[in-house]
A.B. asks: 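To start, I am sharing the structure in question, which I have written as structure tokens.
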Amino acid sequence: MRKLLPLIGTPARSHAGGRSAMTCRFRCGDACFHEVPNTSGNPYAGEIIAGAIGRRAMVRAAAVVSVAAATAGTLGAGAAPAAAGTAGKSAGKPGAQSAATGARGLRYSSVAPNTADAVTVPDGYAQNVVIRWGEPILRGAPAFDPEKQTAAAQAGQFGYNNDFLALLPLPGECDRQLLVANHEYTDEVLMFRGYDPANPTRQQVEVAWAAHGLGVVVVEEDRRTGKLTAVPRHHLNRRVTATTEFRLTGPAAGSALLKTSADPTGTKVLGTLNNCSGGTTPWGTTLHGEENFNQYFAHGGRTTDKRYGIGTGATERKWERFDERFDVAREPNEVHRFGYVVELDPYDPASTPRKHTALGRFKHEAATVRLTDDGRPVVYSGDDERFDYFYKFVGSKRMKKGSGRAVREHNLSLLDEGTLYVARLTGDSPALEIDGTGKLPADGEFDGSGEWIPLATATAKGAVSHVEGMSAEEVFVFTRLAGDKAGATKMDRPEDIQPSPVTGKVYVALTNNTNRGVGANAEADEANPRNANKHGHILELTERRGRPESTSFAWSLFLVAGDPDDPATYFAGFPKDDVSPISCPDNVAFDPHGNLWISTDGSQLGSHDGLFGVATRGAWRGELKQFLTVPTGAETCGPVIQDRRVLVAVQHPGEVDGATVEKPASTWPDGPGKIVRPSVVAVWRKDGRDIGV
């Protein structure tokens, strides 16, 4: 049986990616301490060697960045000085890059690394909390009372641990937009006074079910200040929870692998769990990736369970005590109904959300969409696990324009037909030149080619497997095993994937993998060439001929994270004296100027996580500047970058080993004496101008 991590307050092991023991327990079920699920012999694409400046750096135009003192504005329980031991040339200065120069959209004074229990933003910027966990958004929902929580109340209130965010237009309502948020998981020890992890009550479990899922809430802008606030009880506001009915669609729907005693049709499932990152679609819906769903299911034992990280013992939250569908021994197929991309129509509160089996089942970190020239959807998604893969789905049906019901129904079916692919990467240097130390190969750069390997194709008449020994239904339900058989390249926790709306290049965030090259684990290769990769990196992919439906691509190193003083870091060739230190890239997004924005999770540089902007083209390519930091124990999630506003989800503040409701590690956002609450924060320029111009 799997041994659980020591209870909070007891000594704990060292945790991957700088995370606390609490984060590992409640978000991913101690994934980094399990045996690596992927035991295939596929080649490993570990860390991209980042070290010295390669051939590209030598031919790029020189850029000079002015350095000026940065005075940071904070919202929270008091600021702290830059963390001791935060290395890097930028980190060692009172402030880093100034607002006077840089790529358009990134002209702000970068925030110095710090350990403030606050959201810290650049000088000249302001912020506000848009919405907190527990704030009522539905009609009839009561005001939040942490001492009197009920499932009924929470089902009408904003959920816990907001992650992915989307801001959508709201035609006909001046100065209003539609905010959609993922509620990834719950921290019961920070939610309930006197919580006993060994003996949760039914009420606590049912509150947690209601706190998971998705939230839709209308928000309104104050034009005078830039402040963004929630509009409670709007008719479009909605909560989707762990008990909301979903429709399974696509090639595996109705399969014997998805049928349960409660649903003999294999087409209906209750709830969505551990929604991490996601995406928006050109037809006006949102996509949400079910990530660490394995941690909610107890008593697994099959080979397929092991490949998906499902433990053989009890779960951390003990939900199986209150609903047998979370007990694999009693309901073996229920777990097969999680791990998909969820599609929500936020403009129709009465609609039934869908789980798209054609996009495969794994720990979906994201689901980002672009269209082919003829209007077919292409969806990119990473499988957030050490040594796992990243995928692409190419649809076969074209999007229709218009707003009628028939058009809407057609577009909601676009992700049910097409081909699912997995990535294989090949370096262009001899394997002997990749030693895992950060030493560049003889050609002076880390790059190569790649191919998208087809796994299965779904059509209106049926589905066809392209993987020997697996049926199409098996490919879509056990997609990890299909990737193993197809010879996909093992990566270091593929997280968010974003195509640039300006260049079409695709950026893949790989958070970290401290197991790389350790013991019997796979060694470095050119695509992931740093052993014991604790800081992560970002790959840049160029689809052949710039066409998203292509089955081949070129890849190159864009960024290797860490202390800029470390020779094994790389910032697309930009001078490392003039960049901010960064560790553990997670979510990524683009601003209207084509700059990539990166949020971090589990920084190992001694400072809090944050949000960074980096230019991807031109003379400033590779200039990385920190825009904000988040409070103690928090992770930066769901960045949305608009012309005049940046939105971030401050997830799991106070999630520090030993913390409880009675002994909080953070007092954000409301100060001492108040319960710590995950929240959404908006940031804008005080002078009303666009961000970073």
Side-chain angles (χ1 to χ4, degrees), residues 105 128 130-131 137-138 158 162-182 214-240 277-288 342-351 353-354 366-371 375 377 379 399-412 414-415 498-502 587 589-595 597 638-649 680-685 688-691:
N128 79 292
V130 179
I131 189 167
I137 63 173
L138 301 188
F158 196 65
N162 31 235
D163 195 296
F164 167 74
L165 302 174
L167 272 177
L168 305 175
L170 197 54
E173 298 199 30
C174 185
D175 298 328
R176 289 183 171 182
Q177 298 178 80
L178 201 57
L179 173 67
V180 184
N182 281 354
L214 315 173
V216 180
V217 59
V218 172
V219 292
E220 187 170 45
E221 177 185 5
D222 183 336
R223 285 190 175 183
R224 296 170 300 170
T225 65
K227 185 177 182 180
L228 201 64
T229 56
V231 179
R233 300 171 180 86
H234 192 282
H235 72 277
L236 288 180
N237 290 0
R238 184 179 186 182
R239 277 301 321 284
V240 173
S277 190
T280 59
T281 71
W283 50 93
T285 63
T286 53
L287 302 179
H288 310 265
V342 170
E343 184 170 15
L344 178 73
D345 183 351
Y347 295 100
D348 183 1
S351 62
R354 306 177 183 216
T368 54
V369 184
R370 61 194 297 204
L371 294 177
V379 183
M399 187 185 89
K400 292 183 178 180
K401 296 181 179 180
S403 57
R405 180 175 295 275
V407 170
R408 198 72 171 165
E409 281 301 314
H410 170 84
N411 289 339
L412 285 169
L414 291 176
L415 303 184
Q498 287 281 349
S500 168
V502 175
N587 297 150
F590 279 93
D591 66 19
H593 308 284
N595 301 307
W597 290 65
V640 175
I641 319 298
Q642 298 181 314
D643 287 320
R644 297 181 59 243
R645 180 179 293 104
V646 169
L647 211 66
V648 293
V680 177
V681 171
V683 183
W684 64 91
R685 280 179 64 154
R689 298 179 63 194
D690 286 356
I691 298 291

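We use all heavy atoms of the structure for the numbers below, so side chains are in, but hydrogens, waters and symmetry mates are not.
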A.B. asks: Which residue pairs pass the salt bridge (charged side-chain N to carboxylate O under 4.0 Å, His left out) test with at least one member in residues 230-239, sequence neighbours excluded?
C.D. replies: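 Pairs touching residues 230-239 that pass the test: none.
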
A.B. asks: State whether the side chain of Asp175 and the backbone N or O of Asp222 hold a donor-acceptor pair below 3.5 Å, judged by distance alone.
C.D. replies: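 No: the side chain of Asp175 does not pair with the backbone of Asp222.
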
A.B. asks: Just to verify, which of Ile131, Leu179, Leu647 counts as forming a side chain to side chain contact (heavy atoms under 4.5 Å, CB included) with Val219?
C.D. replies: Leu179

A.B. asks: Tell me which one of Thr286, Leu165, Val240, Leu214 satisfies side chain to side chain contact (heavy atoms under 4.5 Å, CB included) with Asn182.
C.D. replies: Leu214

A.B. asks: For the CD atom of Gln177 and the CG atom of Leu167, what is their distance to the nearest 0.5 Å?
C.D. replies: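 Separation between the atoms: 4.5 Å.
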
A.B. asks: Does the pair Asp345/Arg408 count as a salt bridge with the N-to-O cut at 4.0 Å?
C.D. replies: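 Answer for the salt bridge query: yes.
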
A.B. asks: Taking side chain as C-beta onward, heavy atoms only, is His234 less than 4.5 Å from Glu220?
C.D. replies: no

A.B. asks: Which atoms form the tightest heavy-atom contact between Arg370 and Pro499, and what is the distance?
C.D. replies: CD-CB, 3.7 Å

A.B. asks: Do Thr280 and Val369 have side-chain heavy atoms sitting under 4.5 Å apart?
C.D. replies: no

A.B. asks: Checking Leu344 against Val216 for the side chain to side chain contact (heavy atoms under 4.5 Å, CB included) test, could you report, in this order, the C-alpha distance in whole Å, the side-chain angles of both residues, the deciding distance, and whether it holds?
C.D. replies: CA-CA 10 Å; Leu344 178 73; Val216 180; 3.8 Å; yes

A.B. asks: Just by distance, do the side chain of Asp643 and the backbone of Asp690 share a donor-acceptor pair under 3.5 Å?
C.D. replies: no

A.B. asks: How close do Ala649 and Asn162 get, heavy atom to heavy atom, and via which atoms?
C.D. replies: CB-O, 3.3 Å

A.B. asks: So, applying side chain to side chain contact (heavy atoms under 4.5 Å, CB included) with Thr285, which one of Leu414, Leu412, Asp348, Asn411 is it?
C.D. replies: Leu412

A.B. asks: If I compare all heavy atoms of Asn237 with all of Val217, which pair ends up nearest, and what's the gap?
C.D. replies: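 Minimum heavy-atom contact is OD1-CA, 3.2 Å.
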
A.B. asks: Phe164 vs Asn587, test: side chain to side chain contact (heavy atoms under 4.5 Å, CB included). Steps then yes/no.
C.D. replies: CA-CA 8 Å; Phe164 167 74; Asn587 297 150; over 6 Å; no

A.B. asks: Identify the heavy atoms of Gly284 and Pro346 that sit nearest to each other, and give their distance.
C.D. replies: O-CD, 3.8 Å

A.B. asks: Could you pull out the closest heavy-atom pair between Trp597 and Asp591, with the gap in Å?
C.D. replies: NE1-OD2, 2.9 Å

A.B. asks: Show the atom names and distances, to 0.1 Å, of all donor-acceptor pairs under 3.5 Å that link a side chain in residues 225-232 to residues at least two apart or in another chain.
C.D. replies:
unit_1, atom_1, unit_2, atom_2, d
Thr225, OG1, Lys227, N, 3.1

A.B. asks: Do Gln498 and Thr368 have a side chain donor and acceptor closer than 3.5 Å?
C.D. replies: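 Side-chain D/A pair, Gln498 to Thr368: absent.
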
A.B. asks: Working to the nearest 0.5 Å, report the span between CD1 of Ile691 and CZ of Arg685.
C.D. replies: 7.5 Å

A.B. asks: Quick check: closest heavy atoms across Gly402 and Val407, and the distance to 0.1 Å?
C.D. replies: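 Where Gly402 meets Val407 most closely, the heavy atoms are O-CG1, 3.6 Å.
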
A.B. asks: For residues Glu343 and Trp283, is any side-chain donor paired with an opposing acceptor at under 3.5 Å?
C.D. replies: yes

